[in-house]
> 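My questions will all concern the structure given below.
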Number of protein chains: 2
Amino acid sequence: MQIGELSARTGASVRMLRYYEEQGLLEPRRTESGYRTYAESDVDRVARIRCMLSAALPAGVVGKTLRFLLDGRPVIPEEPAERARLAATLSDELAALTDKIAALERSRDLLAQIVADVRGSVVGPGSPGDPGHAEDYRAVRKAGPAVGVAG
Amino acid sequence: MQIGELSARTGASVRMLRYYEEQGLLEPRRTESGYRTYAESDVDRVARIRCMLSAALPAGVVGKTLRFLLDGRPVIPEEPAERARLAATLSDELAALTDKIAALERSRDLLAQIVADVRGSVVGPGSPGDPGHAEDYRAVRKAGPAVGVAG
DNA sequence: CTAAAGCCTCACACCGACGTTAGAGTCAAG
DNA sequence: CTTGACTCTAACGTCGGTGTGAGGCTTTAG
């Protein structure tokens, strides 16, 4: 399969596909004349790349993760030391990811609250004494960020 | 509170705080000499901003969402038409956010699988006939991206 | 009064994740 | 052989989110 077809089938622009390759996330073969040729499995692979990137996962993780999906079978270093380091790195990333998900869920809850309030809006200019849903917001806020905002 | 103190208390650099203001996410008062002065509530607010930005939420949503948190009390347009549009926009964002969370959870599961496998690694160079955990990976992959990768 | 620390604006620079263009080669069909 | 669709590399542009100054004003401490 050439790059154009892969692009059509995945929705990723040709530019993006070449970019992913540049980043080591794809490794198409080449014809004699230099044309990239992709395997069927790359369709899947591209979908996963886009999914992870769109979620703002660090590029490194994407790469490392994907290396394990090359053909559904991981390539794990044989030396135990290196394997340990790999495991450590990945599980750090896992923890970061978990935090990020939690943060997103709180944002989602907050957004849901807001949508509900805009919809069933009790609000208007507001009788000054009326507490409204202020406490709900504050509650969500208290559950709050908390996450380390891992830089 | 001046910008330096807010920076210290939130972990956001001074530069970032000014940037957030530039983007309409913060609106500190000014002293006569032009110094920014922040309210206590801005500590919370900054935390939320960083949390949402770090999760790659579209900047617009952050802004709109935060406007509702100004003082724990939303500012909702009075004209029903505009209110409806706002509700529609926000709930679109809510849907997108939900999808993104789902995608992230799948990525997390996948990553967890991988970590587990690297840890308890049954793998090594691998007996060629051994299916290993390939099916696990494939299963996660099948549950897979699916998300529209909302550009 | 002076020095130091903190603040201000302006502005250039970087990285990631692309879009876009330019100029050239390749390939299948007429 | 020519045309047109497709591909290649290389390079520049853009946008968001930052870092890092430069040059100047304000405030505080000695």
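Note that the structure is predicted; figures quoted are calculated from it, not measured. Here is the naming used below: chain letters follow the sequence lines, and residue numbers restart at 1 for every chain.
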> Rounded to whole angstrom units, what separation is found between the CG atom of A/Leu6 and the C1' atom of D/dC6?
15 Å

> Check whether any side-chain heavy atom of B/Thr37 lies under 4.5 Å from a side-chain heavy atom of B/Arg30, and answer yes or no.
no

> Which whole-number value in Å describes the distance from A/Arg30 CZ to C/dG25 P?
17 Å

> With respect to B/Tyr38, which candidate in B/Thr10, B/Leu26, B/Val46 satisfies the side chain to side chain contact (heavy atoms under 4.5 Å, CB included) definition?
B/Leu26

> Please state how far atom CD in A/Glu5 lies from atom C1' in D/dA5, giving the value in whole angstrom units.
15 Å

> Any side-chain N or O of A/Tyr19 less than 4.0 Å from the OP1 or OP2 oxygen of C/dG19?
no

> When you measure from the side chain of B/Met16, which nucleotide among D/dT7, C/dC8, D/dG19 comes out closest?
D/dG19

> Is it true that, when you exclude A/Arg29 itself, more than 12 heavy atoms of the residues, nucleotides or ligands shown sit nearer than 6.0 Å to its CZ?
no

> Report, one pair per line, the protein and nucleotides 27-30 of chain C atoms (nitrogen or oxygen only) whose separation is under 3.5 Å.
from   : atom 1 : to      : atom 2 : distance (Å)
C/dC27 : OP1    : A/Ser33 : OG     : 3.2

> Please state how far atom CD in B/Gln23 lies from atom C1' in D/dG17, giving the value in whole angstrom units.
9 Å

> How long is the line joining CG of A/Leu26 and P of C/dC18, in whole Å?
12 Å

> Report yes if the side chains of B/Arg36 and B/Gln2 come closer than 4.5 Å at any heavy-atom pair, otherwise no.
no

> May I have the distance from A/Glu22 (atom CD) to C/dC15 (atom P), rounded to whole angstrom?
13 Å

> In this structure, how many angstroms lie between the C1' atom of D/dT27 and the CD1 atom of B/Ile3, rounded?
16 Å

> State, with a plain yes or no, whether a side-chain heavy atom of A/Tyr20 is found less than 4.5 Å away from one of A/Arg50.
yes

> With rounding to the nearest 0.5 angstrom, report the CD1 to CE distance, B/Ile49 to B/Met16.
9.5 Å

> Should B/Arg15 be listed as having a side-chain N or O under 4.0 Å from OP1 or OP2 of D/dT20?
no

> After noting the C-alpha distance and the side-chain angles of A/Glu27 and A/Glu21, does the key distance pass the side chain to side chain contact (heavy atoms under 4.5 Å, CB included) rule?
CA-CA 6 Å; A/Glu27 295 177 0; A/Glu21 177 180 355; over 6 Å; no

> Between A/Glu32 (CD) and C/dT26 (P), how many Å, whole number?
11 Å

> Heavy atoms only, 4.0 Å cut-off, all strands: where does A/Arg36 land among base, sugar-phosphate and nothing?
sugar-phosphate

> Would one find a side-chain N or O of B/Tyr20 under 4.0 angstrom from OP1 or OP2 of D/dT18?
yes

